[in-house]
Amino acid sequence: MKYPLIVIQMLGGLALFLYGMRLMSSSLKESSSGKLKSMMEKVTGNPFKAFLLGLGVTAVIQSSTATIVITSGLVAGGIITLNQSLGIIIGANVGTTVTGQIVRLMDLNSDSTSWLTFLKPSTLAPIALIVGILLLVFIRVKRSDAIGNVAMGFGILFTGLMNMSNSVSVLTETGIIDKLFGSIGKNPILGYLCGAGVAFALQSSSSTIAILQTMATNTVITFGVSYIIIVGIYLGDCLTTGIVCSIGAKADAKRVGVVNIIYNLSKTVVVLVAVNVLRAFGVFDTLWEHAMTAGGIANANSIFNLGCAILLLPLTGVYARLSKRIVKDDVEEKVEIPEFAALNPIFYATPALAFGSCYNALKLMFNKSVENIDRAFGLLNNYDSNIKAIIDADEDIIDSLADGVSNYLVQLSPHINEDMHVHILEQYYKLVGEFEHMGDHAFNISETAVRLYRENVHFSEMAHSELAISREVLDRLLKATRDAFEKRDIRAAREIEPLEEVMDDMINALSDNHMARLREGKCSVNAGTGLLDVLTHFSRIADTCSNVGVSVMTRVNPEIANRAHNYVTELHLGHDREYNKAYHTAHDMYFEKLNKVQSETHAEAVGASEGQLQMPLSEMKPNE
């Protein structure tokens, strides 16, 4: 029973290591992926700058697979091109070597009085765990959860490494490990396949290299054995990445995974040729049978990757052409909206990036809705069938984005763990419906304009003047809504509700004015119906703006989420001094304009009637 228990302990240590690695990596991605995505979006066509970006991003999030998958998603969304992504791919392969340099701390052998003692895994692991639990449980500051998870992951990672190391040291006494690596030394193909297989199974080159480093601290692994395993690891890891990039992706996104495979195969050839040529000249005579340490393996891995990057970076154009030959263009590839294409399942594992794609899609929905409101209002004054066709086309885009974002958020929800992301998910799901409704109201106003045009019905000067003032209120509402949503501007969000109340007052006043003109026989029923339809849609657009404002406030202040309705009711009841002041200021300003327009229009009408007393009654046509 001794050896099975040792194997169980070793696998348990591996499980701890992999979990710690994943926790640390995912927490780093959660806390920094928004900024990293912005950086990656701004990457230029300069391969060297893209290389440095890929290296830096991977060094931060500790996962070349994640970096390349994110890059694939950005390419699929049209945010960066395939050519821009090539340098990032090569940089990501170099950046992943940072993990090995961290694991080399296992080589430290310091006495108890040296400060290096604090960097030994046996000391560093508990320190990281203590810091992590303090941040998660006792210290509540901004991003404390994310930083705490990173620290916990770091501590668990090294705890797993130490457990693996202890188990391997016991197995080493049996001679099993020595025989295994002796066989690999005699059969390089076996070592290559072993490295590739483990890396493919673990879906991580960093983890596989770390396992090799752990074994090197407890048994003799020569350079001749280690280098062939390292080369095999490159293949296993890139195959995993290629598969992930190809799932449900467009042609260019698949090509990102293909380029990574081609690059790693090239890297394998370069390392194999270089090592064997140098060995033939006697360069590796001493090193070949030299026992490698964890640090030696980390250095070899770093040198291989950096050297290959320097040699192969100029060949990015060749890789792009090869990938296009391997992955053909989509058969019926049609022009897609980049914001829609960016709703990529690849980002599910990194919610911050997924929400970034949703935000861009929502922003496009809002902008197209506002543009359609402007166009539809213009049709009331001057009908143009071409403008109506643009409104219809944009309405289809808004509806498609609404369906796409809604489905994407539903699929994303199982991947959400943090409270902050739950609030974002809830807000975005509400905003999808609100922005879709806003677009619907714009479309309905345009349909009213079509009906009035076909019936040859026109609004009166008074109606046009009154609508212009209500449109001023609506424009101001939409501007405040835009600022609140795009900038999470609380002041803009608080400005919405008073304006929404003024809009309600304005709609009531204009409806009363219409009814008065109807009773006096100064307007037609058809024109009046059209006017009331437009006013109704103005009112509902204002309500939508109010809902958006409340959603922004609950996102920033989650404590009011459960009493959002009561919050709005209390404002309207006059229980907020700031709201009251803003409401009265806006009300007085716009109703003063309304009264002035009504007085001027009435005076003009009186003057016109005095000059046309002899006009036959049959020639007069009542209009709104």
Side-chain angles (χ1 to χ4, degrees), residues 34 37-38 41-42 74 77-79 335-344 353-380 384 386-409 424 427-447 449 471-493 495-496 499-500 503 534 537-538 540-552 555:
K37 179 171 179 282
S38 298
E41 288 174 355
K42 296 175 183 177
L74 296 177
I79 298 171
V335 178
E336 280 194 86
I337 305 165
E339 289 81 358
F340 192 87
L343 299 173
N344 197 316
L353 295 179
F355 284 131
S357 297
C358 291
Y359 169 81
N360 290 334
L362 288 170
K363 185 177 177 180
L364 181 63
M365 287 179 66
F366 178 80
N367 288 335
K368 286 195 172 294
S369 297
V370 172
E371 289 169 2
N372 272 358
I373 291 169
D374 184 61
R375 294 181 186 122
F377 190 80
L379 293 181
L380 296 172
D384 185 330
N386 293 326
I387 299 297
K388 180 65 172 76
I390 294 174
I391 292 174
D392 293 347
D394 277 1
E395 172 63 11
D396 289 341
I397 292 174
I398 293 169
D399 289 341
S400 296
L401 285 169
D403 292 339
V405 176
S406 295
N407 292 332
Y408 192 73
L409 289 172
I424 297 174
Q427 183 202 18
Y428 283 4
Y429 202 80
K430 292 175 183 176
L431 291 181
V432 172
E434 298 300 341
F435 292 162
E436 184 180 21
H437 293 158
M438 189 178 289
D440 290 341
H441 295 312
F443 175 78
N444 291 336
I445 293 173
S446 74
E447 289 291 293
R471 176 66 196 279
E472 286 184 33
V473 182
L474 188 63
D475 284 346
R476 189 171 162 188
L477 256 172
L478 292 171
K479 182 182 183 305
T481 303
R482 184 192 303 277
D483 290 341
F485 166 63
E486 293 184 0
K487 303 174 184 176
R488 265 186 288 165
D489 187 337
I490 286 294
R491 292 184 64 85
E495 185 182 348
I496 293 172
L499 290 172
E500 188 274 335
M503 177 60 84
V534 173
H537 292 303
F538 273 21
R540 289 175 180 172
I541 292 171
D543 291 339
T544 297
C545 291
S546 171
N547 294 338
V548 174
V550 172
S551 78
V552 171
R555 161 90 178 271

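Residues: numbered from 1 along the sequence shown. As a basis for the values below, the full set of heavy atoms in this structure was taken, side chains included, without hydrogen atoms, waters or symmetry mates.
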State the CZ-NZ distance between R482 and K363, to the nearest 0.5 angstrom. 8.5 Å
Can a salt bridge be assigned to the pair K479 and D475 using a cut-off of 4.0 Å between side-chain N and carboxylate O? no
Taking side chain as C-beta onward, heavy atoms only, is I541 less than 4.5 Å from L478? yes
Out of curiosity, I496 CD1 to M503 CE, how far, rounded to the nearest 0.5 Å? 12.5 Å
List the steps and the verdict of side chain to side chain contact (heavy atoms under 4.5 Å, CB included) for F366 and T481. CA-CA 10 Å; F366 178 80; T481 303; 3.8 Å; yes
Do NZ/NE/NH1/NH2 and the carboxylate oxygens of R375 and E371 come within less than 4.0 Å? yes
Least distance between heavy atoms, F340 atom then L401 atom: CD1-CD2, 3.8 Å
Anything under 30° is parallel, anything over 60° is perpendicular, the rest tilted; go ahead and classify H537 against H441. tilted
Side chains of I373 and L474, heavy atoms from C-beta outward: is any pair under 4.5 Å? yes
Between V552 and Q427, is the side chain to side chain contact (heavy atoms under 4.5 Å, CB included) condition met? List the steps. CA-CA 8 Å; V552 171; Q427 183 202 18; 3.8 Å; yes
Quick check for you: to the nearest 0.5 Å, what is the distance between S446 atom OG and L380 atom CG? 9.0 Å
Does this structure show an ion pair linking K368 with E395, if we count only N-O contacts that are shorter than 4.0 Å? no
Greater than 12 external heavy atoms within 6.0 Å of Y359's OH: yes
With a 3.5 Å cut-off and sequence neighbours excluded, list the donor-acceptor pairs that the side chains of residues 485-493 form with protein atoms.
{"unit_1": "D489", "atom_1": "OD1", "unit_2": "R491", "atom_2": "N", "d": "3.0"}
{"unit_1": "D489", "atom_1": "OD1", "unit_2": "A492", "atom_2": "N", "d": "3.2"}

So which heavy atom on V405 is nearest to which on A361, and how close? CG2-CB, 3.6 Å
Rounded to the nearest 0.5 Å, how far apart are CG of L379 and CD1 of I445? 10.0 Å
Side-chain atoms of residues 431-438: list all donor-acceptor pairs with protein atoms under 3.5 Å, sequence neighbours left out, distances to 0.1 Å.
{"unit_1": "E434", "atom_1": "OE1", "unit_2": "N547", "atom_2": "ND2", "d": "3.3"}
{"unit_1": "E434", "atom_1": "OE2", "unit_2": "N547", "atom_2": "ND2", "d": "3.2"}
{"unit_1": "H437", "atom_1": "ND1", "unit_2": "G433", "atom_2": "O", "d": "3.2"}

Rounded to the nearest 0.5 Å, what's the gap from OG on S369 to CD1 on I397? Could you check? 11.0 Å
Check for a donor-acceptor pair, side chain of Y408 on one end and backbone N or O of N344 on the other, with a separation under 3.5 Å. yes
Heavy-atom closest contact (I398 atom, M365 atom, distance): O-CE, 3.9 Å
From R540 atom CZ to S546 atom OG, the distance as rounded to the nearest 0.5 Å: 15.0 Å
Decide side chain to side chain contact (heavy atoms under 4.5 Å, CB included) for D399 and D440; before the verdict, give the C-alpha distance in whole Å, the side-chain angles of both, and the deciding distance to 0.1 Å. CA-CA 9 Å; D399 289 341; D440 290 341; 4.0 Å; yes
